[in-house]
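Take a look at the structure set out below.
A, B, ... follow the sequence lines: proteins, then strands. Residue 1 opens every chain. In this text, all values refer to a predicted model and were calculated from it rather than measured experimentally.
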4 protein chains.
Amino acid sequence: MDRQLTQRGEERRRQLMAYATSRFAENGFHPTSVAEITEGMGVGKGVFYWYFDSKEALLRAILADAQLDLRRRQRAALADAATPSERIERGIRASMRWSIDHADYFRLFQFAATDERFSDGLRKGESVAVKDAATQLRAAMDAGEIAPGDPVLLSHALLGVHTHLVHLVHRGVLEPTDEVIDTAVSFCLHGLLGRR
Amino acid sequence: MDRQLTQRGEERRRQLMAYATSRFAENGFHPTSVAEITEGMGVGKGVFYWYFDSKEALLRAILADAQLDLRRRQRAALADAATPSERIERGIRASMRWSIDHADYFRLFQFAATDERFSDGLRKGESVAVKDAATQLRAAMDAGEIAPGDPVLLSHALLGVHTHLVHLVHRGVLEPTDEVIDTAVSFCLHGLLGRR
Amino acid sequence: MDRQLTQRGEERRRQLMAYATSRFAENGFHPTSVAEITEGMGVGKGVFYWYFDSKEALLRAILADAQLDLRRRQRAALADAATPSERIERGIRASMRWSIDHADYFRLFQFAATDERFSDGLRKGESVAVKDAATQLRAAMDAGEIAPGDPVLLSHALLGVHTHLVHLVHRGVLEPTDEVIDTAVSFCLHGLLGRR
Amino acid sequence: MDRQLTQRGEERRRQLMAYATSRFAENGFHPTSVAEITEGMGVGKGVFYWYFDSKEALLRAILADAQLDLRRRQRAALADAATPSERIERGIRASMRWSIDHADYFRLFQFAATDERFSDGLRKGESVAVKDAATQLRAAMDAGEIAPGDPVLLSHALLGVHTHLVHLVHRGVLEPTDEVIDTAVSFCLHGLLGRR
DNA sequence: AATGAATGAGCTTTCATTCAT
DNA sequence: CATGAATGAAAGCTCATTCAT
């Protein structure tokens, strides 16, 4: 499906992805049928298969888009940070902010992680992000800013805190304010025993 | 479905749950059909509906069982701990150990969290566990063992670290050794900046 | 299924038939499962098949019982009537009264008439009743009490009036009073043009 | 299911309804499966659900069509009748003629009357017809053409005669000739005692 | 006599996908 | 490009009936 699309075609494709994203996020991937998507957009079923090989391919495309966007945000956040530990903090903040702002994408990530057919694609993106974070952590360790340890493992710990707290926000348990992010950053930097 | 089961019936019910647990964990809930379960067990399809109202009810029963088991393990771990912070550490260790030992249940929890029909049941259990943890955290704060903060929020942070690292173990990224658990505990207690 | 039943067995059989009659009448024959009947009575499924060859056979037995009861009532009504036309009127009254009093049986008759598997059994009973009525009509014609005509066809016309008005009573459109029966009798005897 | 159908679609829908009507009439509604219908027509099972929400909805659509057709015939019959009693007679004749000519529809009406899920829809049509008939009867009473009485109740009596005699024709007991209709009309107008 | 467990064909319905127009 | 129609495998579930105990 490497169709050469006209500008209007690109537009359509994007609309389909946007609409599908909201349906998948709201109803779940399996329960949302292709018919629901095309009918909801008021187009024939053929349109769908003109732009996507399958329902599966559609989700993959959505996920790839989302990951790209997240990466962009993360990169931008690190741009003008002075020290490694500042970069770490900014990375956490940027990731959480993005995840809070993009509830739909976040839900799709969560779902995709439970399904073999999509988790592989996800892993790659995640592993890139983790590697980046690990690089920062290593630099911070080398600079003596943080205690030594396995940078990859610690990156995952950060990710765990990030993911879970964002999830709570989306569930409505926490307000989507900076306070949550502050707490996350503080916890990641000082743990339970450290002072804040 | 409050059927009065004979001993043989109880046995069958347990077998069905055990087999379904492994199939769901391996293939996913949606892709695993009832027929696959009954055929895999060499019984008629009707047997399934003798013991469970629906495929959905089966998963709910499995999840309830799993939560009960986890709770038991957690309670046992806290039994003979002296200080609040010791209780916290033991709680983390017990939870991670259980989650590592019960990969199937853990996967089902992950899936259930993404599906409205099951996440509600899950929340209740989770909220109990979080409340328990928060109680310990509050006690530790009162005893001056850890820095003050929102106990519920921090409990969730612990949960986030726990969940994500266990996930890595099940994905084969990390070895299922105590080292992972040690790192998790250390991170939770000291964060990145603290010494270890 | 010509089982030799003990007295207690006869009792059980009767209970099953009574309970099934009410369930069939309320829910319909097809939608009422054997399990619903046995569970509703608090007995095992084996009991059912001990007393009846099949669900179909059960309904047939119920219908036969009902027809027998109706016949008895009709016979009794005709016992001490002087003239043929009095016998006709009494027959109509007795049939309607019985049908109004036995809503469940009546509903089963209505259903059975739409299903080939049962309608044959019904026909026999109906045809006996019609033949009896026709005999009275013929006698009345011979006695000059009523106008000449095809006695069988007219008997069916009587039956039609009876059936439809009783149906209305059971549907709640008409009150189950003697007034309905009076109107039916009057209509059958005088039609629309006759005086009353 | 408010699908916008093409001409070809309309055609298919009609074919499905026609074929299903004959199957339902012959085998009964419950015993006729959707598969039997689609296989009998040589189309895929999905076609059925493209045109109808469910098997139940199909029958409802058929019944609505049939009622509409019957109403049309009745209306046409009354068009050029001079007196109220002439209208009554024509109404009876038209209804019986239609019911005799449309054995399949008639059988479906009979079945539908025994099933809650369909009887409600039926009632409405029946009640309209009865109300119309009652209006004629009232006019005839006012004109002194027929004896006074409850017009609604008497309309139902007419309906009862109509239904039962038509049923006999379909069962093969009576020939589908005008003689049956003549007898019905005569019975309704004069009853048993009147002269003919 | 009675029970609870088991059977399995068959049901209605869904849905990703294809295709003629 | 786009549509509506068609496909048919497969799903979840029901239920009359049988049978070991």
Report yes if a side-chain nitrogen or oxygen of [X] is closer than 4.0 Å to either non-bridging phosphate oxygen (OP1 or OP2) of [N]; otherwise report no.
{"X": "Arg12(A)", "N": "dA2(F)", "value": "yes"}
{"X": "Arg8(C)", "N": "dA2(E)", "value": "yes"}
{"X": "Thr6(B)", "N": "dT3(E)", "value": "no"}
{"X": "Tyr51(C)", "N": "dA2(E)", "value": "yes"}
{"X": "Ser33(C)", "N": "dT14(F)", "value": "no"}

Rounded distance in Å - [atom1] ([X]) to [atom2] ([N]):
{"X": "Lys45(D)", "N": "dT13(E)", "atom1": "NZ", "atom2": "C1'", "result": "9 Å"}
{"X": "Lys55(D)", "N": "dC11(E)", "atom1": "NZ", "atom2": "P", "result": "8 Å"}
{"X": "Trp50(B)", "N": "dA16(F)", "atom1": "CH2", "atom2": "C1'", "result": "13 Å"}
{"X": "Phe48(A)", "N": "dA16(E)", "atom1": "CZ", "atom2": "P", "result": "8 Å"}
{"X": "Glu39(D)", "N": "dA9(F)", "atom1": "CD", "atom2": "P", "result": "11 Å"}
{"X": "Tyr49(B)", "N": "dG10(E)", "atom1": "OH", "atom2": "P", "result": "18 Å"}
{"X": "Leu58(C)", "N": "dC15(F)", "atom1": "CG", "atom2": "C1'", "result": "15 Å"}
{"X": "Leu5(D)", "N": "dA5(F)", "atom1": "CG", "atom2": "C1'", "result": "10 Å"}

Ring geometry between [Y] and [X] (parallel below 30°, tilted from 30 to 60°, perpendicular above 60°):
{"X": "Tyr105(C)", "Y": "His102(C)", "value": "parallel"}
{"X": "His30(A)", "Y": "Phe111(A)", "value": "perpendicular"}
{"X": "Phe118(A)", "Y": "Phe29(A)", "value": "perpendicular"}

Tell me what [X] touches on the nucleic acid: a base, only sugar-phosphate, or nothing, going by heavy atoms under 4.0 Å.
{"X": "Gly46(C)", "result": "base"}
{"X": "Phe52(D)", "result": "nothing"}
{"X": "Thr38(D)", "result": "nothing"}
{"X": "Val47(B)", "result": "base"}

(message) Need to verify one output field. Residue with the more 5' nearest nucleotide on DNA chain E, Val34(D) or Ala35(A)?
(response) Val34(D)
(message) A quick test of your reading: do over 12 heavy atoms of other residues, nucleotides or ligands sit less than 6.0 Å from CD of Glu36(A)?
(response) yes
(message) Would you measure the distance from the C1' atom in dA1(E) across to the matching atom in dT21(F) and give it in whole Å?
(response) 13 Å
(request) Pick out which of Leu59(B), Ile62(B), Leu63(B) makes a side chain to side chain contact (heavy atoms under 4.5 Å, CB included) with Thr21(B). (result) Ile62(B)
Identify the nucleotide, in any strand shown, that forms a Watson-Crick or G-U wobble pair with [N], with both distances under 3.5 Å; if there is none, say none.
{"N": "dA1(E)", "value": "none"}
{"N": "dC15(E)", "value": "dG8(F)"}
{"N": "dA20(E)", "value": "dT3(F)"}
{"N": "dC13(F)", "value": "dG10(E)"}

(message) Let me spell it out: for each of Gly9(D) and His30(B), pick the nucleotide of DNA chain F with the closest heavy atom. Which residue's pick is nearer the 5' end?
(response) Gly9(D)
(message) Let me spell it out: for each of Glu56(B) and Arg3(D), pick the nucleotide of DNA chain F with the closest heavy atom. Which residue's pick is nearer the 5' end?
(response) Arg3(D)
(request) Using distance alone, with no hydrogens and no angle criterion, decide if Arg12(B) and Gln15(B) have a side-chain donor and acceptor under 3.5 Å apart. (result) yes
